[in-house]
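Below is one structure, written out as structure tokens, with a few remarks after it.
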Amino acid sequence: MTKIQQINIELTEPLDLTTSLTSGQCFRWRIDSEERWVGVIESRIIRLTQKQNFLKVESLESSNQSMDLEETIYDYFRIGDDLKEVQERIGWDTRVKYGINKFPGMRILRQDPWEVLVSFILSSTSNIPRISRTVELLSSKYGERISLDQSIRYTFPSPELLAEVGEARLRELGCGFRAPYVASAALAVADGKLPLYELRESSYLEAMKHLTGLKGVGDKIADCVMLFSLDKLRAFPNDRWITKALHDWYGFPLRSKYEDSREWSWNRFGDDAGYANQYLFWNIRQSTRPLRSTATI
DNA sequence: TAATAACCTCGCAA
DNA sequence: ATTGCGAGGTTAT
């Protein structure tokens with residue numbers, strides 16, 4: 001039985017834990033009856049409770065010396081990004097400002113690229129409840145079980161493992177027509193044809209080229225992977241919600257080219273396009289549909 | 001180059 | 001309860 005480790009972090013940067021974890025970037029955090037968020041970062045089970053600017057972090061003591069618990073959290077929530085600075089740079093835009101005012105502590109997460117790639121391949125013509133369900137099924141069936149007293153989570157299965165699982169069983173899990181896409185992505189990463197983790201060092205364009213080389217990954221999914229896991233904060237994913245926002249708020253035609261919104265966002269927000277996207281996205285999504293009750297474990 | 005159907009299955013609304 | 005529609009896209013035609 002590994003010892004439980006607990007730390008308390010006093011936050012010097014804005015962080016709204018709940019909004020950051022429920023704003024469509026990730027699909028595998030759950031809130032328990034004690035109002036604690038339970039999830040997995042770097043194969044470690046993590047439990048988080050926020051009280052104003054204090055963050056209680058619980059996990060198991062790790063033998064991995066490379067990153068201690070506090071570093072892991074800082075990395076995941078991109079505490080190194082000076083959010084107030086970002087917000088000052090893009091807040092001149094009225095619609096972005098509106099989102100900032102509503103969700104001042106919403107941060108872009110820095111997640112595991114493989115998990116994000118699979119999650120967004122699965123997002124194609126789907127919906128958040130279904131994506132969450134399938135990603136959770138993948139983990140509970142093929143990941144490693146990890147527990148922290150009462151809390152139970154699963155690691156996300158490696159590319160090697162999912163490559164071995166194969167298309168047929170991915171279909172059985174409910175991946176649908178996305179099953180061959182996940183299977184071939186798993187193969188590509190497992191045998192090194194896609195240097196997924198090295199893309200953090202690559203340019204936006206280079207990373208885009210690699211990702212869209214995969215079947216089932218077009219510009220939108222590639223942008224999501226780049227923004228939420230590959231440190232490409234310029235990425236401006238244009239999904240149906242952003243399309244609606246661009247139409248309703250900025251006079252874009254409803255059927256415009258993907259490339260046009262990318263150019264527009266870069267001219268307007270530069271390297272902060274990704275943060276601007278997130279505030280626009282969550283703002284229009286929240287105003288169009290009320291937040292669902294959150295799932296409990 | 002631009003438009004359109006097909007793709008799996010599930011969640012949700014009626 | 002049962003049915004029918006549409007869903008955070010991509011590919012093939």
Side-chain angles (χ1 to χ4, degrees), chain A residues 19-29 99 103 106 108-109 111 115-138 140-141 165-186 188 194 208-229 235-249 252-263 265 273-295:
Chain A
T19 305
S20 300
L21 295 179
T22 56
S23 51
Q25 310 176 49
C26 55
F27 302 92
R28 239 153 58 74
W29 285 88
F103 316 107
M106 180 168 64
I108 302 274
L109 304 175
Q111 304 174 67
E115 177 170 345
V116 175
L117 176 59
V118 174
S119 301
F120 281 92
I121 287 176
L122 293 173
S123 78
S124 185
T125 354
S126 190
N127 49 63
I128 292 179
R130 185 183 172 186
I131 302 162
S132 309
R133 177 188 174 278
T134 312
V135 174
E136 188 61 29
L137 249 125
L138 271 179
S140 56
K141 184 138 185 168
V165 168
E167 177 183 338
R169 278 181 286 183
L170 289 169
R171 270 184 195 272
E172 282 171 23
L173 273 182
C175 293
F177 64 82
R178 311 155 196 87
Y181 301 154
V182 173
S184 71
L194 174 67
M208 172 62 75
K209 213 161 54 183
H210 272 101
L211 290 170
T212 52
L214 296 169
K215 285 286 183 208
V217 180
D219 283 1
K220 189 271 172 182
I221 290 177
D223 271 331
C224 287
V225 176
M226 294 202 285
L227 181 58
F228 302 139
S229 74
F236 191 83
N238 185 348
D239 64 357
R240 66 169 61 241
W241 296 98
I242 288 294
T243 298
K244 179 172 164 48
L246 293 181
H247 172 259
D248 290 1
W249 297 339
F252 263 65
L254 268 176
R255 303 191 57 105
S256 60
K257 287 198 296 185
Y258 195 93
E259 183 63 20
D260 292 346
S261 63
R262 174 183 294 141
E263 285 303 319
S265 74
Y275 270 103
N277 183 287
Q278 188 62 20
Y279 290 117
L280 292 173
F281 170 77
W282 202 234
N283 191 18
I284 194 152
R285 206 172 187 293
Q286 291 302 85
S287 54
T288 310
R289 196 142 55 104
L291 187 62
R292 267 174 223 292
S293 59
T294 353

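Chain naming here is simple, since letters A, B, ... match the order of the sequence lines and numbering starts at 1 in each. Below, each value reflects all heavy atoms present in this structure, side chains not excepted, and no hydrogens, waters or symmetry copies.
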**Asked** Mind checking whether S265(A) and N277(A) have side chains closer than 4.5 Å, heavy atoms only?
**Response**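 SC-SC contact between S265(A) and N277(A) ruled out.
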**Request:** Taking the side chain as every heavy atom from C-beta outward, state whether C224(A) and V116(A) have any pair of such atoms under 4.5 Å apart.
**Result:**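 No, their side chains stay 4.5 Å or more apart.
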Can you pull every protein N or O that's under 3.5 Å from an N or O on nucleotides 1-6 of chain B?
none

**Asked** Side chain of R130(A), backbone of S126(A): donor and acceptor closer than 3.5 Å?
**Response** no
Minimum heavy-atom separation for [X] and [Y], please, with both atom names.
{"X": "I128(A)", "Y": "R285(A)", "value": "CD1-NH2, 3.8 Å"}
{"X": "G274(A)", "Y": "I108(A)", "value": "O-CD1, 3.9 Å"}
{"X": "P253(A)", "Y": "H247(A)", "value": "C-CD2, 4.5 Å"}
{"X": "L138(A)", "Y": "L173(A)", "value": "CD2-CD1, 3.5 Å"}
{"X": "Q25(A)", "Y": "Q111(A)", "value": "O-NE2, 2.9 Å"}

**Prompt:** How is F281(A) classified with respect to the nucleic acid when contacts are heavy atoms under 4.0 Å: base, sugar-phosphate, or nothing?
**Reply:** base
**Message:** What contact category does I121(A) fall into here, base, sugar-phosphate, or nothing, at under 4.0 angstrom with non-hydrogen atoms?
**Reply:**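 I121(A): no heavy atom of the nucleic acid under 4.0 Å.
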Could you check how far [atom1] of [X] sits from [atom2] of [N], rounded to whole Å?
{"X": "W241(A)", "N": "dG8(C)", "atom1": "CH2", "atom2": "C1'", "result": "8 Å"}
{"X": "F27(A)", "N": "dA7(C)", "atom1": "CZ", "atom2": "P", "result": "16 Å"}
{"X": "I131(A)", "N": "dG6(C)", "atom1": "CD1", "atom2": "C1'", "result": "14 Å"}
{"X": "H247(A)", "N": "dG8(C)", "atom1": "NE2", "atom2": "C1'", "result": "19 Å"}
{"X": "R171(A)", "N": "dC8(B)", "atom1": "CZ", "atom2": "P", "result": "5 Å"}

**Prompt:** Nearest nucleotide by nearest heavy atom, which residue falls closer to the 5' end of DNA chain B, R133(A) or T125(A)?
**Reply:** T125(A)
**Complete:** Out of dC8(B), dG9(C), dC10(B), minimum distance to the side chain of R178(A) belongs to dC8(B)
**Item:** Residue from N238(A), T243(A), D223(A) passing side-chain hydrogen bond (donor to acceptor under 3.5 Å, both in side chains) with Y258(A)
**Value:**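 Of the listed options, the one satisfying the test is D223(A).
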Listed pairs, N/O of protein and of nucleotides 10-13 of chain C, under 3.5 Å:
{"residue": "dT10(C)", "atom": "OP1", "partner": "G218(A)", "partner atom": "N", "Å": "2.7"}
{"residue": "dT10(C)", "atom": "OP1", "partner": "G218(A)", "partner atom": "O", "Å": "3.1"}
{"residue": "dT10(C)", "atom": "OP1", "partner": "K220(A)", "partner atom": "N", "Å": "3.4"}
{"residue": "dT10(C)", "atom": "OP1", "partner": "I221(A)", "partner atom": "N", "Å": "3.1"}
{"residue": "dT11(C)", "atom": "OP1", "partner": "G216(A)", "partner atom": "N", "Å": "3.2"}
{"residue": "dA12(C)", "atom": "OP1", "partner": "K215(A)", "partner atom": "NZ", "Å": "3.4"}

**Request:** Starting at NZ of K244(A), measure out to CD1 of I242(A) and round the result to the nearest 0.5 Å.
**Result:** 12.0 Å
**Message:** Is there aromatic stacking of F177(A) on dC7(B) here, judged by a ring-centre distance under 5.5 Å and a plane angle under 30°?
**Reply:** yes
**Request:** Assess whether one donor atom and one acceptor atom, taken from the side chain of R130(A) and the base of dC12(B), lie less than 3.5 Å apart.
**Result:**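 Between dC12(B) and R130(A), which were checked side chain against base, a qualifying N/O pair under 3.5 Å is absent.
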**Asked** With a 6.0 Å cut-off on ring centres, are F281(A) and F236(A) close enough?
**Response** no
**Message:** Could you write out DNA chain C as dot-bracket? Rules: Watson-Crick or G-U wobble, both distances under 3.5 Å, brackets [ ] for crossings, | for pairs with another strand, dot for unpaired.
**Reply:** .||||||.|||||
**Residues E136(A), R133(A); criterion salt bridge (Lys or Arg N to Asp or Glu O under 4.0 Å); working and verdict** = CA-CA 5 Å; E136(A) 188 61 29; R133(A) 177 188 174 278; over 6 Å; no
**Message:** Say we look at dG8(C) and dC12(B): how far apart would their P atoms be, to the nearest angstrom?
**Reply:**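 That atom pair is separated by 11 Å.
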**Item:** Between dT11(C) and dC10(B) - P atom distance, rounded Å
**Value:** 23 Å
